[in-house]
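The sequence lines fix the lettering, A, B, ..., with proteins before strands; numbering per chain opens at 1. Nothing here was measured: the structure is a model prediction, and the numbers come from that model.
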Amino acid sequence: MNRILITSALPYINGVKHLGNLVGSQLPADTFARYMRLKGHEVLFLCATDEHGTPAELAAEEAGMEISEFCSKMWQSQKTLSDSFNLSFDHFGRSSSKENHELTQDFAKALYENDLIEEIIEKQFFSLNDNRFLPDRYIIGKCPSCGYEKARGDQCESCTKQLEPTDLIDPQSAISGSKDLEIRETKHLYLKQSLMKETLEKWINSKEDWPVLTTSIAKKWLNDGDGLKDRGITRDLNWGIPVKKGKEEWPGLENKVFYVWFDAPIEYIAATAEWEKENNFQAGTWETWWKLNKGAEDVKYFQFMAKDNVPFHTLSFPATLIGSNQSWKLVDYIKGFNWLLYEGGKFSTSQGRGVFMDQALDLLPSDYWRWWLLSNAPESSDSDFTWESFQIGVNKDLSDVLGNFISRVTKFSYSKFGNEVPPLEHFDEQQRILINEISIRLQTLSTNLDNVEIRKSCAELRHLWALGNEYLQSAEPWKVIKDSHAKAGSIINFSFNLIYLYSHISRPFIPSTCDLILDKLNFSKHIIWPGDMENFLKTIGGGHEFEVPQNLFHKISDAQREEFAAKFSGDLNG
RNA sequence: GGGCGCGUAGCUCAGUUGGUUAGAGCAGAACGCUCAUAACGUUUUGGUCGCAGGUUCGAGUCCUGCCGCGCCUACCA
């Protein structure tokens, strides 16, 4: 048994997440966590909302709510949705937690003491009307290069030229539109990660098993231009973690908070402390997961995220952990994902384009989405959600292959033998050959999951399901029963044991369907990853009582598909 | 501009360190079965592996150049 720490990238607080967000980190992480639990490992699977930053403040303002109230509400909403999608987090925390405040401030202190934080005086736009400093992208004006009227202070979206806010002609606040701006001097903190370039590079070069996507992004940042740049870790906002040196005030930074990207990854650690507290575990339990000098040497740590998150997890966060010199556990494997597209274009939270988690569940049960998303996860490149692909994938794999197999076995059995599973005589030649093939394929599935190869795992699982139909077709119990009741019963017994197998190995992918199968077929709720097939496929013996489940999956009709597509076609939320 | 990735059957993709007749699912065709959600099974039709060179006994796999597509480039998270 190993101790396995799994974190999913933190979903941002500003609204309901779409399917692209879901498949980019939380969902594959859940499948991996569930698999590792079935394997008997001690798993700690964590996630939390990422609550700080300007977009959260603006979203709260738009909703007419206090920021703290807004975040609480959105946290509850995201928590409810992740439960509905059966994301099996051991704890779903908040980056605004007391634990994160303390840890973040402690990290800042340690980094400062190790000469890895620098105080820099900068000139920055201050909006008198909004009574706040404005980040570069919240200043708009005319682009000096192409004349575009609504160029942002960091970059002109029209000609893509990189800009400084002071370059803009006739600058104004993007928040209020006010032109009453002045440039003020203000102090900020920078994380001197440039000093850690060699250390980080060596660490990343040692990770030969990471996906190319992950290491190539990290190396690009390490070697781009003058190399790894220092990074500002403070912002002029009200909502966030106040800049402090541990518990002490930080002179000149009294009204500032840490940059969201500094405190968000620290929440992984804080969430562990929250988890400990919530469960009343012995004080210091969280450290056994995170501190190498307190028992974390044997922990294997996996992170899941979309590609936009990779720089922070490969560079800034490790720089924070290493730089503190406090023997923190570093990540062992980073799984990065590309984007999921919606009908060829981008999912967009701001434009309401695509399908969002709450809307998805209004249409169909979670397993339909889980299955399609996992079997089409954007691993090697961006992948495209289309209603047609979704319809075909769900209908074929879930209804025709898995659902129909369970249906034909249970209904045939019930009609011929009543509500008790008939007994197995002994494994015949055909069954032995099949047991052998299943063992091999199960090993492949297991290896794919060990390697966090999500699509391949789905393909292999589907193949295992298909073996059930192939077996039934060639064994032909409906013919055999005319000569031998016992022999037909034996075929059916074996088929029930195949369903028993599927209810275990499918659980990381489609948990609620598996629970339903366990329930209806009266299988034990004690689920493990199967070992020896010969024994495992004898588990359900003769006389086992069951109930015929209703059809587990309903097909998506063409009419339904068209209705969904029309509903979600526009640039407004459906 | 720079960096990275992709381009394999009509569609979506897999192809370990280069090794014999290039694979899967979907779609198409034929046949079979009738237990089942008109579902299932068997067989089968589709590929000069983006283009052009090169290395090699041998290249989808390595090298060079080109074409096309996508992503990233640090104050959106």
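Ionic pairing of A:K555 and A:D400 is present here: one or more N-O contacts between side-chain nitrogen and carboxylate oxygen are shorter than 4.0 angstrom. Classification of A:K256 and A:D236 as a salt-bridged pair holds, one side-chain N sitting under 4.0 Å from a carboxylate O.
As a whole-Å value, the separation of A:N448 CG from B:rG15 P is 10 Å. For the pair A:I454 CD1 and B:rA14 P, the interatomic distance rounds to 14 Å; values are reported in whole Å. Remark: C1' of B:rA24 and CG of A:L467 are 14 Å apart, rounded to the nearest angstrom. Straight-line distance from the CG atom of A:N395 to the C1' atom of B:rC26: 12 Å, rounded to whole Å. One interatomic measurement links the two molecules: CG of A:N451 to C1' of B:rU16, which rounds to 11 Å at whole-angstrom precision. In this structure, the CG atom of A:D397 is 15 Å from the P atom of B:rC13, given to the nearest Å. Distance, A:I481 CD1 to B:rU34 P: 14 Å, rounded to whole Å. Separating the CG atom of A:N376 from the C1' atom of B:rC26 is a distance of 11 Å, rounded to the nearest angstrom.
Between A:L168 and A:G141, the closest heavy-atom pair is CD1-N, 3.8 Å. A pairwise comparison of heavy atoms in A:G323 and A:L111 identifies C-CD2, 3.6 Å as the closest pair. A:A56 and A:I13 get closest at one heavy-atom pair: CB-CG2, 3.6 Å. Across all non-hydrogen atoms, the minimal contact from A:Y333 to A:D209 is CE1-O, 3.3 Å. Minimum heavy-atom separation, A:L464 to A:Y502: O-OH, 2.6 Å.
Checking the phosphate oxygens (OP1, OP2) of B:rG15, no side-chain nitrogen or oxygen of A:R455 falls inside 4.0 Å. In this model, the phosphate group of B:rU73 is not approached by any side-chain N or O of A:K229 to a distance below 4.0 Å at OP1 or OP2.
For B:rG28 and B:rU64, the C1' atoms lie 41 Å apart once the distance is rounded to whole Å. Taking atom P in both B:rC63 and B:rC4, the straight-line distance is 13 Å, to the nearest Å. Rounded to whole Å, the separation between the C1' atoms of B:rA14 and B:rC76 comes to 36 Å. Of the C1' atoms belonging to B:rA22 and B:rG47, the separation is 8 Å, rounded to the nearest Å. On the C1' atoms, B:rA30 is 10 Å away from B:rU45, given to the nearest whole Å. B:rA9 and B:rA29 have their C1' atoms separated by 15 Å, given to the nearest Å. A gap of 16 Å separates the C1' atoms of B:rC69 and B:rU8, to the nearest Å. B:rG23 sits 14 Å from B:rU16 when the P atoms are compared, rounded to a whole Å.
Residue A:K219 is classed as having no contact, given no heavy-atom separation below 4.0 Å to the nucleic acid. Within 4.0 Å (heavy atoms only), A:K346 reaches sugar-phosphate atoms of the nucleic acid but no base atom. Residue contacts for A:G344: at a heavy-atom cut-off of 4.0 Å it reaches no nucleic acid atom on any strand shown.
Because its glycosidic torsion is more than 90° from 0, B:rG23 is reported here as anti.
Ring planes of A:F509 and A:W371: perpendicular class, angle over 60° (limits at 30 and 60°).
Aromatic ring centres of A:Y368 and A:F553 lie closer together than 6.0 Å. Here A:F417 and A:H485 bring their ring centres to under 6.0 angstrom of each other.
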Contacts under 3.5 Å, N or O only, protein and nucleotides 75-77 of chain B:
{"residue": "B:rC75", "atom": "OP2", "partner": "A:R231", "partner atom": "NH2", "Å": "2.8"}
{"residue": "B:rC75", "atom": "O3'", "partner": "A:D154", "partner atom": "OD2", "Å": "3.4"}
{"residue": "B:rC75", "atom": "O2", "partner": "A:D136", "partner atom": "N", "Å": "3.0"}
{"residue": "B:rC76", "atom": "OP2", "partner": "A:R137", "partner atom": "NE", "Å": "3.2"}
{"residue": "B:rC76", "atom": "OP2", "partner": "A:R137", "partner atom": "NH1", "Å": "2.2"}
{"residue": "B:rC76", "atom": "OP2", "partner": "A:D154", "partner atom": "OD2", "Å": "2.9"}
{"residue": "B:rC76", "atom": "O4'", "partner": "A:R137", "partner atom": "NE", "Å": "3.1"}
{"residue": "B:rC76", "atom": "O4'", "partner": "A:R137", "partner atom": "NH1", "Å": "3.0"}
{"residue": "B:rA77", "atom": "OP2", "partner": "A:Y259", "partner atom": "OH", "Å": "3.4"}
{"residue": "B:rA77", "atom": "O3'", "partner": "A:D50", "partner atom": "OD2", "Å": "2.3"}
{"residue": "B:rA77", "atom": "N1", "partner": "A:D308", "partner atom": "OD2", "Å": "3.2"}

N/O-N/O pairs, protein side and nucleotides 3-11 of chain B side, under 3.5 Å:
{"residue": "B:rC4", "atom": "O2'", "partner": "A:S216", "partner atom": "OG", "Å": "3.3"}

Letter by letter from the 5' end, nucleotides 35-45 of chain B scores (B base, S sugar-phosphate only, - none; protein heavy atoms under 4.0 Å) BBB-SBSS---
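Distance alone, capped at 3.5 Å, is enough to place a donor-acceptor pair between the A:N205 side chain and the A:E201 backbone. Listed for the A:W339 side chain is no donor-acceptor partner under 3.5 Å among the backbone atoms of A:K346.
Between A:R462 and A:K482, the one whose closest nucleotide on RNA chain B sits nearer the 5' end is A:R462.
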| message | Does A:K307 form a side chain to side chain donor-acceptor pair (under 3.5 Å) with A:N338? I'd like the steps, not just the answer. | response | CA-CA 6 Å; A:K307 58 190 171 187; A:N338 288 282; 3.1 Å; yes
With both pairing distances under 3.5 angstrom for Watson-Crick or G-U wobble, and | for a partner in another strand, the correct string for RNA chain B is (((((((..((((.....[...)))).(((((.......))))).....(((((..]....))))))))))))....
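For A:R561, the salt bridge (charged side-chain N to carboxylate O under 4.0 Å, His left out) test picks out A:D558, with sequence neighbours left out.
Expressed to the nearest 0.5 Å, how far OH of A:Y268 lies from OG of A:S95 amounts to 11.0 Å.
Residues A:P171 and A:L181 meet the side-chain proximity criterion, which asks for heavy atoms closer than 4.5 Å.
Each of A:Q431, A:E437, A:Q430 was compared with A:Y471 under the side chain to side chain donor-acceptor pair (under 3.5 Å) criterion, and only A:Q431 meets it. Paired with A:Q124 under the rule side chain to side chain donor-acceptor pair (under 3.5 Å), one option of A:H188, A:E185, A:R184 passes, and it is A:H188.
Within residues 382-390 of chain A, the residues having any heavy atom under 4.0 Å from RNA chain B are, by residue number, A:D382.
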